[in-house]
2 protein chains.
Amino acid sequence: MLEKIAVSKGQKGKSTQDDIVYAHIFDAILEQRIAPGTKLNEESLGEIFGVSRTIIRRALSRLGYEQVVVLRPNRGAVVASPSIEEARQIVFSRRIIEKAVTELVIENAEDAQIDKLKKLVLDEQNCFDRGDRGAGIRLSGEFHLRMAELANNAPLLSFQRSLVSQCSLIIAQYESGAKSHCSYDEHFELIDAIRQRDKAKAVSLMMHHLDHIEKKLNFDEDTSSNDLKSVFSNIFAKK
Amino acid sequence: MLEKIAVSKGQKGKSTQDDIVYAHIFDAILEQRIAPGTKLNEESLGEIFGVSRTIIRRALSRLGYEQVVVLRPNRGAVVASPSIEEARQIVFSRRIIEKAVTELVIENAEDAQIDKLKKLVLDEQNCFDRGDRGAGIRLSGEFHLRMAELANNAPLLSFQRSLVSQCSLIIAQYESGAKSHCSYDEHFELIDAIRQRDKAKAVSLMMHHLDHIEKKLNFDEDTSSNDLKSVFSNIFAKK
DNA sequence: CTCAAACAGCTTGTATACAATTAAGATATA
DNA sequence: TATATCTTAATTGTATACAAGCTGTTTGAG
(Lines give C-alpha, C1' and ligand atoms only; values in the text may rest on other atoms or scores of the structure.)
Protein backbone atom coordinates (compact mmCIF):
# COMPACT_ATOMS: atom_id res chain seq x y z
CA MET A 1 0.00 0.00 0.00
CA LEU A 2 2.75 2.44 0.90
CA GLU A 3 4.48 1.48 -2.31
CA LYS A 4 1.47 2.68 -4.27
CA ILE A 5 1.39 5.98 -2.48
CA ALA A 6 5.10 6.45 -3.04
CA VAL A 7 4.68 5.92 -6.75
CA SER A 8 1.66 8.15 -6.98
CA LYS A 9 3.65 10.89 -5.34
CA GLY A 10 6.56 10.44 -7.69
CA GLN A 11 9.04 9.99 -4.88
CA LYS A 12 12.47 8.75 -5.77
CA GLY A 13 13.08 5.03 -5.44
CA LYS A 14 15.40 5.25 -2.49
CA SER A 15 12.73 6.72 -0.23
CA THR A 16 12.45 4.91 3.05
CA GLN A 17 9.19 4.61 4.91
CA ASP A 18 9.64 7.64 7.09
CA ASP A 19 10.57 9.78 4.12
CA ILE A 20 7.29 8.83 2.50
CA VAL A 21 5.22 9.47 5.58
CA TYR A 22 7.07 12.72 6.17
CA ALA A 23 6.46 13.89 2.62
CA HIS A 24 2.76 13.08 2.79
CA ILE A 25 2.11 14.88 6.04
CA PHE A 26 4.27 17.77 4.88
CA ASP A 27 2.35 18.13 1.62
CA ALA A 28 -0.98 17.80 3.38
CA ILE A 29 -0.09 20.63 5.73
CA LEU A 30 1.29 22.93 3.05
CA GLU A 31 -1.65 22.28 0.76
CA GLN A 32 -3.96 23.14 3.63
CA ARG A 33 -5.64 19.77 3.74
CA ILE A 34 -4.87 19.80 7.46
CA ALA A 35 -5.64 23.03 9.29
CA PRO A 36 -3.11 24.77 11.51
CA GLY A 37 -3.62 23.75 15.11
CA THR A 38 -4.81 20.25 14.27
CA LYS A 39 -3.61 17.55 16.64
CA LEU A 40 -1.59 14.83 14.92
CA ASN A 41 -2.33 11.60 16.71
CA GLU A 42 0.43 9.03 16.34
CA GLU A 43 -1.72 5.94 16.31
CA SER A 44 -4.27 7.33 13.86
CA LEU A 45 -1.52 8.34 11.47
CA GLY A 46 0.01 4.91 11.86
CA GLU A 47 -3.24 3.26 10.78
CA ILE A 48 -3.67 5.65 7.87
CA PHE A 49 -0.23 4.92 6.46
CA GLY A 50 -0.12 1.31 7.53
CA VAL A 51 3.06 1.67 9.57
CA SER A 52 3.94 1.54 13.24
CA ARG A 53 4.18 4.52 15.56
CA THR A 54 7.96 4.28 15.32
CA ILE A 55 7.86 5.56 11.76
CA ILE A 56 5.24 8.19 12.51
CA ARG A 57 7.31 9.51 15.40
CA ARG A 58 10.36 9.85 13.18
CA ALA A 59 8.38 11.79 10.62
CA LEU A 60 6.87 14.03 13.28
CA SER A 61 10.26 14.79 14.85
CA ARG A 62 11.53 15.84 11.48
CA LEU A 63 8.52 18.06 10.87
CA GLY A 64 9.04 19.44 14.35
CA TYR A 65 12.61 20.26 13.59
CA GLU A 66 11.50 22.18 10.52
CA GLN A 67 8.91 23.96 12.64
CA VAL A 68 6.06 22.80 10.46
CA VAL A 69 4.56 21.06 13.46
CA VAL A 70 5.00 21.88 17.13
CA LEU A 71 6.02 19.02 19.41
CA ARG A 72 4.75 19.38 22.95
CA PRO A 73 6.45 16.88 25.28
CA ASN A 74 4.02 14.27 26.57
CA ARG A 75 1.21 15.99 24.71
CA GLY A 76 1.83 15.19 21.10
CA ALA A 77 2.24 17.14 17.90
CA VAL A 78 0.04 19.82 16.39
CA VAL A 79 0.26 21.58 13.04
CA ALA A 80 2.10 24.85 13.61
CA SER A 81 0.12 28.06 13.46
CA PRO A 82 2.64 30.90 13.47
CA SER A 83 1.61 34.10 15.19
CA ILE A 84 1.93 37.41 13.40
CA GLU A 85 5.14 38.11 15.27
CA GLU A 86 6.59 34.73 14.32
CA ALA A 87 5.52 35.31 10.74
CA ARG A 88 7.36 38.64 10.68
CA GLN A 89 10.53 37.00 11.95
CA ILE A 90 10.29 34.33 9.30
CA VAL A 91 9.80 36.83 6.49
CA PHE A 92 12.67 38.88 7.85
CA SER A 93 14.95 35.85 7.73
CA ARG A 94 13.87 35.16 4.20
CA ARG A 95 14.84 38.66 3.17
CA ILE A 96 18.36 38.01 4.31
CA ILE A 97 18.63 34.57 2.77
CA GLU A 98 16.92 35.41 -0.51
CA LYS A 99 19.21 38.36 -1.08
CA ALA A 100 22.27 36.19 -0.67
CA VAL A 101 20.76 33.41 -2.75
CA THR A 102 19.85 35.74 -5.60
CA GLU A 103 23.35 37.13 -5.75
CA LEU A 104 24.91 33.68 -5.66
CA VAL A 105 22.64 32.42 -8.42
CA ILE A 106 23.61 35.33 -10.64
CA GLU A 107 27.28 34.66 -9.96
CA ASN A 108 27.23 30.90 -10.34
CA ALA A 109 24.28 29.47 -12.22
CA GLU A 110 24.50 28.55 -15.90
CA ASP A 111 21.98 29.80 -18.41
CA ALA A 112 20.58 26.33 -18.95
CA GLN A 113 19.86 25.92 -15.24
CA ILE A 114 18.08 29.23 -15.11
CA ASP A 115 15.97 28.27 -18.10
CA LYS A 116 14.87 25.14 -16.31
CA LEU A 117 13.42 27.29 -13.57
CA LYS A 118 11.03 28.79 -16.08
CA LYS A 119 9.34 25.44 -16.62
CA LEU A 120 8.62 25.22 -12.94
CA VAL A 121 6.96 28.61 -12.95
CA LEU A 122 4.83 27.53 -15.90
CA ASP A 123 3.62 24.59 -13.82
CA GLU A 124 2.87 26.96 -11.01
CA GLN A 125 0.88 29.24 -13.32
CA ASN A 126 -1.02 26.20 -14.51
CA CYS A 127 -2.05 25.21 -11.00
CA PHE A 128 -3.38 28.63 -10.10
CA ASP A 129 -5.17 28.96 -13.44
CA ARG A 130 -7.06 25.76 -12.93
CA GLY A 131 -7.85 26.67 -9.33
CA ASP A 132 -5.59 24.29 -7.44
CA ARG A 133 -4.40 26.80 -4.89
CA GLY A 134 -2.80 24.24 -2.59
CA ALA A 135 -0.53 22.76 -5.25
CA GLY A 136 0.17 26.27 -6.51
CA ILE A 137 1.44 27.42 -3.15
CA ARG A 138 3.65 24.37 -2.94
CA LEU A 139 5.12 24.87 -6.40
CA SER A 140 5.70 28.51 -5.66
CA GLY A 141 7.71 27.39 -2.66
CA GLU A 142 9.57 24.94 -4.80
CA PHE A 143 10.64 27.76 -7.09
CA HIS A 144 12.41 29.45 -4.22
CA LEU A 145 13.95 26.16 -3.19
CA ARG A 146 15.35 25.57 -6.67
CA MET A 147 16.88 29.01 -6.55
CA ALA A 148 18.64 28.05 -3.35
CA GLU A 149 19.88 24.86 -5.01
CA LEU A 150 21.46 26.89 -7.79
CA ALA A 151 23.20 29.01 -5.18
CA ASN A 152 25.35 25.98 -4.45
CA ASN A 153 25.53 26.33 -0.71
CA ALA A 154 24.24 23.43 1.34
CA PRO A 155 23.59 25.21 4.65
CA LEU A 156 21.72 28.04 2.96
CA LEU A 157 19.64 25.52 1.06
CA SER A 158 18.62 23.66 4.16
CA PHE A 159 17.70 26.86 5.98
CA GLN A 160 15.76 28.02 2.97
CA ARG A 161 13.84 24.75 2.98
CA SER A 162 12.67 25.38 6.51
CA LEU A 163 11.84 29.03 5.83
CA VAL A 164 9.90 28.31 2.67
CA SER A 165 7.81 25.67 4.41
CA GLN A 166 6.98 28.02 7.22
CA CYS A 167 6.19 30.78 4.77
CA SER A 168 3.78 28.52 2.93
CA LEU A 169 2.06 27.82 6.22
CA ILE A 170 1.80 31.53 6.87
CA ILE A 171 0.39 32.21 3.45
CA ALA A 172 -2.11 29.42 3.84
CA GLN A 173 -3.10 30.75 7.24
CA TYR A 174 -3.26 34.48 6.67
CA GLU A 175 -3.91 35.12 3.03
CA SER A 176 -7.49 35.56 1.98
CA GLY A 177 -9.00 33.11 -0.46
CA ALA A 178 -8.63 33.48 -4.19
CA LYS A 179 -5.85 36.06 -4.34
CA SER A 180 -2.66 34.70 -5.73
CA HIS A 181 -0.18 35.09 -2.92
CA CYS A 182 3.15 34.88 -4.60
CA SER A 183 2.28 35.78 -8.09
CA TYR A 184 4.05 33.82 -10.78
CA ASP A 185 4.37 37.03 -12.82
CA GLU A 186 6.94 38.15 -10.31
CA HIS A 187 8.74 34.84 -10.63
CA PHE A 188 8.97 35.33 -14.40
CA GLU A 189 10.32 38.85 -14.01
CA LEU A 190 12.85 37.65 -11.49
CA ILE A 191 14.12 34.92 -13.78
CA ASP A 192 14.59 37.45 -16.57
CA ALA A 193 16.63 39.75 -14.36
CA ILE A 194 18.80 36.84 -13.25
CA ARG A 195 19.25 35.70 -16.81
CA GLN A 196 20.48 39.19 -17.70
CA ARG A 197 22.83 38.94 -14.69
CA ASP A 198 21.42 42.18 -13.36
CA LYS A 199 22.12 41.84 -9.67
CA ALA A 200 20.62 45.11 -8.50
CA LYS A 201 17.39 44.56 -10.36
CA ALA A 202 17.02 40.93 -9.35
CA VAL A 203 17.60 41.62 -5.67
CA SER A 204 15.20 44.52 -5.76
CA LEU A 205 12.53 42.37 -7.40
CA MET A 206 13.04 39.70 -4.79
CA MET A 207 12.67 42.21 -1.96
CA HIS A 208 9.45 43.52 -3.45
CA HIS A 209 8.26 39.99 -3.79
CA LEU A 210 8.71 39.54 -0.04
CA ASP A 211 7.16 42.93 0.65
CA HIS A 212 3.98 41.64 -0.93
CA ILE A 213 3.83 38.69 1.41
CA GLU A 214 4.45 40.90 4.40
CA LYS A 215 1.90 43.52 3.38
CA LYS A 216 -0.75 40.85 3.20
CA LEU A 217 0.17 39.91 6.73
CA ASN A 218 -0.52 43.38 8.00
CA PHE A 219 -3.65 43.71 5.97
CA ASP A 220 -5.20 40.51 7.19
CA GLU A 221 -4.01 40.98 10.73
CA ASP A 222 -7.56 40.82 12.07
CA THR A 223 -8.18 37.32 10.72
CA SER A 224 -9.47 34.95 13.39
CA SER A 225 -6.59 33.30 15.12
CA ASN A 226 -5.88 30.24 17.21
CA ASP A 227 -3.64 32.22 19.46
CA LEU A 228 -5.91 32.72 22.44
CA LYS A 229 -3.41 34.95 24.16
CA SER A 230 -3.56 37.47 21.34
CA VAL A 231 -7.31 37.10 20.92
CA PHE A 232 -7.97 38.03 24.53
CA SER A 233 -5.05 40.36 25.06
CA ASN A 234 -7.37 43.39 24.97
CA ILE A 235 -9.51 42.08 27.81
CA PHE A 236 -6.88 41.63 30.46
CA ALA A 237 -4.65 44.49 31.47
CA LYS A 238 -0.98 44.04 30.72
CA LYS A 239 1.11 43.22 33.71
CA MET B 1 22.98 7.21 36.67
CA LEU B 2 21.68 9.47 33.98
CA GLU B 3 20.42 11.73 36.69
CA LYS B 4 23.92 12.14 37.99
CA ILE B 5 25.27 13.02 34.58
CA ALA B 6 22.46 15.49 34.08
CA VAL B 7 23.28 17.23 37.30
CA SER B 8 26.98 17.27 36.65
CA LYS B 9 26.29 18.93 33.33
CA GLY B 10 24.01 21.51 34.90
CA GLN B 11 21.16 20.75 32.54
CA LYS B 12 17.82 22.29 33.29
CA GLY B 13 15.38 20.15 35.18
CA LYS B 14 12.94 19.59 32.36
CA SER B 15 15.49 17.74 30.26
CA THR B 16 14.16 14.47 28.98
CA GLN B 17 16.43 11.51 28.40
CA ASP B 18 17.14 12.20 24.76
CA ASP B 19 17.98 15.81 25.51
CA ILE B 20 20.59 14.64 27.96
CA VAL B 21 22.09 12.07 25.64
CA TYR B 22 22.00 14.57 22.80
CA ALA B 23 23.79 17.20 24.86
CA HIS B 24 26.49 14.80 25.97
CA ILE B 25 27.32 13.51 22.51
CA PHE B 26 27.14 17.04 21.17
CA ASP B 27 29.57 18.36 23.76
CA ALA B 28 31.88 15.42 23.31
CA ILE B 29 32.09 16.07 19.59
CA LEU B 30 32.58 19.82 19.90
CA GLU B 31 35.17 19.41 22.60
CA GLN B 32 37.03 16.96 20.38
CA ARG B 33 36.72 14.06 22.74
CA ILE B 34 35.37 12.13 19.75
CA ALA B 35 37.30 12.53 16.52
CA PRO B 36 35.63 13.43 13.23
CA GLY B 37 34.82 10.31 11.26
CA THR B 38 34.26 8.14 14.35
CA LYS B 39 31.45 5.64 13.99
CA LEU B 40 28.71 6.08 16.58
CA ASN B 41 27.40 2.64 17.39
CA GLU B 42 23.85 2.68 18.73
CA GLU B 43 24.14 -0.22 21.10
CA SER B 44 27.45 0.89 22.58
CA LEU B 45 26.09 4.36 23.22
CA GLY B 46 23.00 2.80 24.75
CA GLU B 47 25.13 0.88 27.23
CA ILE B 48 27.25 3.91 28.04
CA PHE B 49 24.24 6.07 28.87
CA GLY B 50 22.15 3.27 30.29
CA VAL B 51 19.24 3.76 27.91
CA SER B 52 17.75 1.84 25.03
CA ARG B 53 18.58 2.31 21.38
CA THR B 54 15.31 4.19 20.97
CA ILE B 55 16.72 7.14 22.89
CA ILE B 56 20.09 6.96 21.18
CA ARG B 57 18.44 6.97 17.78
CA ARG B 58 16.46 10.08 18.63
CA ALA B 59 19.59 11.87 19.76
CA LEU B 60 21.48 10.81 16.64
CA SER B 61 18.69 11.97 14.32
CA ARG B 62 18.78 15.34 15.96
CA LEU B 63 22.55 15.56 15.62
CA GLY B 64 22.14 14.47 12.04
CA TYR B 65 19.65 17.19 11.37
CA GLU B 66 22.13 19.72 12.70
CA GLN B 67 24.81 18.18 10.51
CA VAL B 68 27.07 17.46 13.45
CA VAL B 69 26.90 13.78 12.58
CA VAL B 70 26.23 12.19 9.21
CA LEU B 71 23.51 9.56 9.06
CA ARG B 72 24.08 6.92 6.40
CA PRO B 73 20.96 4.79 5.88
CA ASN B 74 21.46 1.22 7.04
CA ARG B 75 25.05 2.03 7.91
CA GLY B 76 24.79 4.12 11.02
CA ALA B 77 26.04 7.49 12.14
CA VAL B 78 29.53 8.95 12.05
CA VAL B 79 30.87 12.21 13.42
CA ALA B 80 30.83 14.73 10.58
CA SER B 81 34.14 15.76 9.06
CA PRO B 82 33.43 18.67 6.75
CA SER B 83 35.56 18.96 3.64
CA ILE B 84 37.28 22.23 2.84
CA GLU B 85 34.56 23.05 0.35
CA GLU B 86 31.83 22.36 2.91
CA ALA B 87 33.73 24.42 5.43
CA ARG B 88 33.84 27.35 3.02
CA GLN B 89 30.10 27.16 2.47
CA ILE B 90 29.49 27.11 6.19
CA VAL B 91 31.70 30.12 6.82
CA PHE B 92 30.04 31.94 3.94
CA SER B 93 26.62 31.32 5.50
CA ARG B 94 27.88 32.61 8.78
CA ARG B 95 29.03 35.83 7.17
CA ILE B 96 25.50 36.47 6.04
CA ILE B 97 23.86 35.53 9.31
CA GLU B 98 26.37 37.24 11.59
CA LYS B 99 26.04 40.50 9.70
CA ALA B 100 22.27 40.47 10.14
CA VAL B 101 22.57 39.37 13.77
CA THR B 102 25.07 42.10 14.62
CA GLU B 103 22.83 44.77 13.16
CA LEU B 104 19.78 43.42 14.97
CA VAL B 105 21.61 43.28 18.27
CA ILE B 106 22.69 46.90 17.94
CA GLU B 107 19.13 47.90 17.13
CA ASN B 108 17.35 45.87 19.78
CA ALA B 109 19.51 44.74 22.67
CA GLU B 110 19.58 46.60 25.96
CA ASP B 111 22.85 47.68 27.57
CA ALA B 112 22.39 45.25 30.44
CA GLN B 113 22.06 42.32 28.05
CA ILE B 114 25.19 43.32 26.21
CA ASP B 115 27.11 43.57 29.48
CA LYS B 116 26.09 40.03 30.32
CA LEU B 117 27.87 38.87 27.20
CA LYS B 118 31.12 40.16 28.61
CA LYS B 119 30.99 37.65 31.45
CA LEU B 120 30.75 34.85 28.97
CA VAL B 121 33.85 36.04 27.17
CA LEU B 122 35.69 36.18 30.50
CA ASP B 123 34.83 32.51 31.01
CA GLU B 124 36.12 31.79 27.55
CA GLN B 125 39.37 33.61 28.26
CA ASN B 126 39.68 31.60 31.42
CA CYS B 127 39.36 28.29 29.60
CA PHE B 128 42.03 29.11 27.04
CA ASP B 129 44.36 30.51 29.70
CA ARG B 130 44.25 27.35 31.70
CA GLY B 131 44.65 25.23 28.56
CA ASP B 132 41.18 23.73 28.20
CA ARG B 133 40.96 24.23 24.47
CA GLY B 134 37.85 22.06 24.03
CA ALA B 135 35.72 23.97 26.51
CA GLY B 136 37.12 27.21 25.12
CA ILE B 137 35.97 26.43 21.62
CA ARG B 138 32.54 25.57 22.95
CA LEU B 139 32.25 28.78 24.95
CA SER B 140 33.42 30.77 21.99
CA GLY B 141 30.56 29.22 20.04
CA GLU B 142 28.18 30.04 22.84
CA PHE B 143 29.14 33.68 22.57
CA HIS B 144 27.93 33.77 19.00
CA LEU B 145 24.78 31.93 20.00
CA ARG B 146 24.00 34.48 22.71
CA MET B 147 24.40 37.22 20.16
CA ALA B 148 21.79 35.49 18.01
CA GLU B 149 19.49 35.26 21.02
CA LEU B 150 19.73 39.00 21.52
CA ALA B 151 18.78 39.48 17.88
CA ASN B 152 15.31 38.30 18.83
CA ASN B 153 14.60 36.24 15.76
CA ALA B 154 13.84 32.57 16.30
CA PRO B 155 14.62 31.22 12.82
CA LEU B 156 17.95 33.05 12.67
CA LEU B 157 18.82 31.70 16.10
CA SER B 158 18.14 28.13 15.13
CA PHE B 159 20.15 28.45 11.93
CA GLN B 160 22.96 30.06 13.85
CA ARG B 161 22.95 27.16 16.28
CA SER B 162 23.57 24.73 13.47
CA LEU B 163 26.22 26.92 11.84
CA VAL B 164 28.12 27.52 15.04
CA SER B 165 28.22 23.81 15.82
CA GLN B 166 29.56 23.03 12.39
CA CYS B 167 32.08 25.82 12.66
CA SER B 168 33.36 24.45 15.94
CA LEU B 169 33.82 21.11 14.24
CA ILE B 170 35.75 22.78 11.46
CA ILE B 171 37.96 24.65 13.88
CA ALA B 172 38.61 21.49 15.83
CA GLN B 173 39.45 19.66 12.64
CA TYR B 174 41.55 22.15 10.74
CA GLU B 175 43.14 24.48 13.20
CA SER B 176 46.54 23.64 14.44
CA GLY B 177 47.09 22.95 18.11
CA ALA B 178 47.70 25.69 20.58
CA LYS B 179 46.71 28.71 18.51
CA SER B 180 43.62 30.37 19.80
CA HIS B 181 41.17 30.04 16.97
CA CYS B 182 38.58 32.65 17.69
CA SER B 183 40.44 34.93 19.89
CA TYR B 184 38.49 36.32 22.79
CA ASP B 185 40.21 39.67 22.26
CA GLU B 186 38.10 40.05 19.17
CA HIS B 187 35.00 39.18 21.15
CA PHE B 188 35.79 41.95 23.63
CA GLU B 189 36.33 44.48 20.86
CA LEU B 190 33.09 43.44 19.22
CA ILE B 191 31.12 43.90 22.41
CA ASP B 192 32.52 47.39 22.83
CA ALA B 193 31.52 48.39 19.32
CA ILE B 194 28.02 47.03 19.88
CA ARG B 195 27.77 48.81 23.19
CA GLN B 196 28.64 52.07 21.43
CA ARG B 197 25.95 51.21 18.86
CA ASP B 198 28.48 51.60 16.10
CA LYS B 199 27.00 49.41 13.39
CA ALA B 200 29.67 49.87 10.75
CA LYS B 201 32.49 49.11 13.13
CA ALA B 202 30.78 46.13 14.73
CA VAL B 203 29.91 44.54 11.41
CA SER B 204 33.40 45.11 10.12
CA LEU B 205 34.91 43.53 13.24
CA MET B 206 32.62 40.56 12.85
CA MET B 207 33.64 40.08 9.22
CA HIS B 208 37.31 40.21 10.15
CA HIS B 209 36.62 37.71 12.86
CA LEU B 210 35.27 35.31 10.23
CA ASP B 211 38.13 36.13 7.88
CA HIS B 212 40.48 34.78 10.48
CA ILE B 213 38.67 31.47 10.61
CA GLU B 214 38.68 31.20 6.86
CA LYS B 215 42.32 32.15 6.47
CA LYS B 216 43.28 29.35 8.79
CA LEU B 217 41.34 27.04 6.55
CA ASN B 218 43.40 28.00 3.54
CA PHE B 219 46.60 27.93 5.47
CA ASP B 220 46.10 24.47 6.85
CA GLU B 221 44.62 23.14 3.64
CA ASP B 222 47.32 20.52 3.32
CA THR B 223 46.40 18.88 6.61
CA SER B 224 45.62 15.22 6.18
CA SER B 225 42.04 14.87 5.13
CA ASN B 226 39.32 12.26 5.28
CA ASP B 227 38.09 13.21 1.86
CA LEU B 228 39.57 10.40 -0.19
CA LYS B 229 38.33 11.84 -3.44
CA SER B 230 40.42 14.96 -2.97
CA VAL B 231 43.37 13.04 -1.56
CA PHE B 232 43.71 10.92 -4.69
CA SER B 233 42.51 13.43 -7.23
CA ASN B 234 46.06 13.89 -8.57
CA ILE B 235 46.52 10.20 -9.32
CA PHE B 236 43.59 9.57 -11.62
CA ALA B 237 42.95 11.67 -14.70
CA LYS B 238 39.81 13.74 -14.60
CA LYS B 239 36.99 12.39 -16.72
C1' DC C 1 47.09 -17.32 -7.31
C1' DT C 2 43.04 -14.41 -8.46
C1' DC C 3 38.52 -13.47 -8.45
C1' DA C 4 33.75 -14.24 -7.34
C1' DA C 5 29.97 -15.99 -4.89
C1' DA C 6 28.05 -17.70 -0.55
C1' DC C 7 27.88 -17.44 4.22
C1' DA C 8 28.13 -15.61 9.02
C1' DG C 9 28.26 -11.77 12.19
C1' DC C 10 27.02 -7.67 13.43
C1' DT C 11 24.37 -3.37 12.97
C1' DT C 12 20.50 -0.90 11.72
C1' DG C 13 15.28 -0.66 10.67
C1' DT C 14 10.59 -1.67 12.27
C1' DA C 15 6.85 -3.42 15.11
C1' DT C 16 5.00 -4.24 19.43
C1' DA C 17 4.38 -4.48 24.41
C1' DC C 18 4.58 -2.13 28.56
C1' DA C 19 5.32 2.10 31.64
C1' DA C 20 4.51 6.92 32.59
C1' DT C 21 2.04 11.00 31.88
C1' DT C 22 -1.79 13.84 30.86
C1' DA C 23 -6.65 15.24 30.43
C1' DA C 24 -11.32 14.60 31.58
C1' DG C 25 -15.00 13.05 34.19
C1' DA C 26 -16.98 11.60 38.60
C1' DT C 27 -17.46 11.94 43.37
C1' DA C 28 -17.25 14.16 47.59
C1' DT C 29 -16.95 18.13 50.60
C1' DA C 30 -17.61 22.84 52.03
C1' DT D 1 -22.90 25.70 43.45
C1' DA D 2 -18.06 25.77 43.47
C1' DT D 3 -13.86 23.67 44.45
C1' DA D 4 -10.89 19.92 45.20
C1' DT D 5 -9.44 15.28 44.86
C1' DC D 6 -9.69 10.74 43.03
C1' DT D 7 -10.29 7.69 39.25
C1' DT D 8 -10.13 6.27 34.54
C1' DA D 9 -9.31 6.39 29.64
C1' DA D 10 -6.44 7.83 26.13
C1' DT D 11 -1.92 9.11 24.45
C1' DT D 12 2.85 9.58 24.58
C1' DG D 13 7.58 7.74 26.17
C1' DT D 14 10.70 3.77 26.45
C1' DA D 15 12.43 -0.90 26.08
C1' DT D 16 12.75 -5.01 23.66
C1' DA D 17 12.20 -8.55 20.13
C1' DC D 18 12.45 -9.66 15.55
C1' DA D 19 13.39 -8.61 10.42
C1' DA D 20 16.32 -6.75 6.91
C1' DG D 21 20.68 -5.03 5.31
C1' DC D 22 25.58 -4.45 5.11
C1' DT D 23 30.65 -5.98 5.81
C1' DG D 24 34.20 -9.06 5.95
C1' DT D 25 35.67 -13.70 5.61
C1' DT D 26 35.75 -18.11 3.81
C1' DT D 27 35.35 -21.27 0.22
C1' DG D 28 35.53 -22.87 -4.38
C1' DA D 29 36.24 -22.51 -9.35
C1' DG D 30 39.01 -21.02 -13.08
Side-chain angles (χ1 to χ4, degrees), chain A residues 1-6 11-25 29 34-35 37-65 67-80 226 228-229, chain B residues 1-6 11-25 29 34-35 37-80 226 228:
Chain A
M1 175 210 184
L2 263 181
E3 197 100 24
K4 214 181 75 196
I5 295 177
Q11 295 290 335
K12 290 191 182 140
K14 64 167 194 156
S15 296
T16 68
Q17 294 199 70
D18 27 288
D19 287 328
I20 299 170
V21 171
Y22 162 82
H24 276 271
I25 301 178
I29 292 175
I34 317 179
T38 306
K39 172 86 187 289
L40 298 171
N41 182 292
E42 296 179 359
E43 192 154 327
S44 315
L45 287 171
E47 281 170 24
I48 290 168
F49 290 105
V51 298
S52 76
R53 278 178 52 218
T54 308
I55 307 296
I56 302 295
R57 278 171 80 72
R58 271 182 83 85
L60 290 178
S61 316
R62 193 165 155 199
L63 289 164
Y65 205 96
Q67 313 263 92
V68 174
V69 310
V70 176
L71 302 175
R72 305 162 306 172
N74 279 313
R75 302 188 47 227
V78 297
V79 177
N226 304 42
L228 291 179
K229 211 192 280 178
Chain B
M1 177 210 183
L2 262 181
E3 198 100 25
K4 212 181 77 195
I5 295 175
Q11 296 289 336
K12 289 189 182 145
K14 64 167 194 156
S15 296
T16 67
Q17 294 199 64
D18 27 289
D19 287 328
I20 299 169
V21 171
Y22 162 82
H24 276 270
I25 301 178
I29 291 175
I34 317 180
T38 306
K39 173 87 188 288
L40 298 171
N41 182 290
E42 297 179 359
E43 193 154 326
S44 315
L45 288 170
E47 279 170 25
I48 290 167
F49 290 105
V51 297
S52 77
R53 280 179 51 218
T54 310
I55 308 295
I56 302 295
R57 280 172 78 76
R58 272 182 82 86
L60 290 178
S61 313
R62 194 166 154 199
L63 290 164
Y65 206 97
E66 290 182 6
Q67 313 264 89
V68 174
V69 310
V70 176
L71 302 176
R72 305 161 307 171
N74 279 313
R75 302 190 47 227
V78 297
V79 177
N226 305 42
L228 292 179

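Numbers restart at 1 for each chain; the letters A, B, ... are given by sequence-line order, proteins then strands. All values below were derived from every heavy atom in this structure, side-chain atoms included, with hydrogens, water molecules and symmetry-related copies excluded.
What separates CZ of A:R57 from P of C:dA15 is a distance of 14 Å, to the nearest Å. With rounding to whole Å, B:R72 atom CZ is found 14 Å from C:dC10 atom C1'. Rounded to whole angstrom, the span from the CG atom of B:L45 across to the P atom of C:dT11 amounts to 12 Å. Atoms CZ (A:F49) and P (C:dT14) sit 15 Å apart, rounded to a whole Å. Taking atom CD of residue B:E43 and atom P of nucleotide C:dG9, one finds them 16 Å apart after rounding to whole Å. The nearest whole Å value for the distance from the CG atom in A:L60 to the C1' atom in D:dT12 is 11 Å. When rounded to the nearest whole Å, the span between CD of A:E47 and C1' of C:dT16 equals 14 Å. Regarding A:K39, its NZ atom lies at a distance of 10 Å from the C1' atom of C:dA23, rounded to whole Å.
For B:N41, the listed nucleotide lying nearest its side chain is C:dT11; candidates were C:dT11, D:dG13, D:dT14. When distances run from any side-chain atom of B:Q17 to the nucleotides D:dT12, C:dT12, D:dA15, the shortest one goes to D:dA15. In this structure, of C:dG13, C:dA15, D:dT14, it is C:dG13 that holds the atom nearest to the side chain of B:E42.
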Handout entry: B:Y22 vs B:R58, side-chain contact (heavy atoms from CB on, under 4.5 Å): CA-CA, chis, key distance, verdict
Key = CA-CA 8 Å; B:Y22 162 82; B:R58 272 182 82 86; over 6 Å; no
Exercise for the section: Kindly indicate, with the supporting measurements, whether the criterion side-chain contact (heavy atoms from CB on, under 4.5 Å) is fulfilled by B:R62 and B:D19. Expected result: CA-CA 10 Å; B:R62 194 166 154 199; B:D19 287 328; 2.9 Å; yes
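Applying the 4.0 Å criterion to OP1 and OP2 of D:dT14, one finds that B:T54 has every side-chain N and O outside that range.
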Can you give me the N/O atom pairs linking the protein to nucleotides 18-23 of chain D at distances under 3.5 Å, or say none if there are none?
| unit_1 | atom_1 | unit_2 | atom_2 | d |
| --- | --- | --- | --- | --- |
| D:dT23 | OP1 | B:R75 | NE | 2.3 |
| D:dT23 | OP1 | B:R75 | NH2 | 3.0 |

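Ranked by how close their nearest DNA chain C nucleotide is to the 5' end, A:I55 and B:L40 are led by B:L40.
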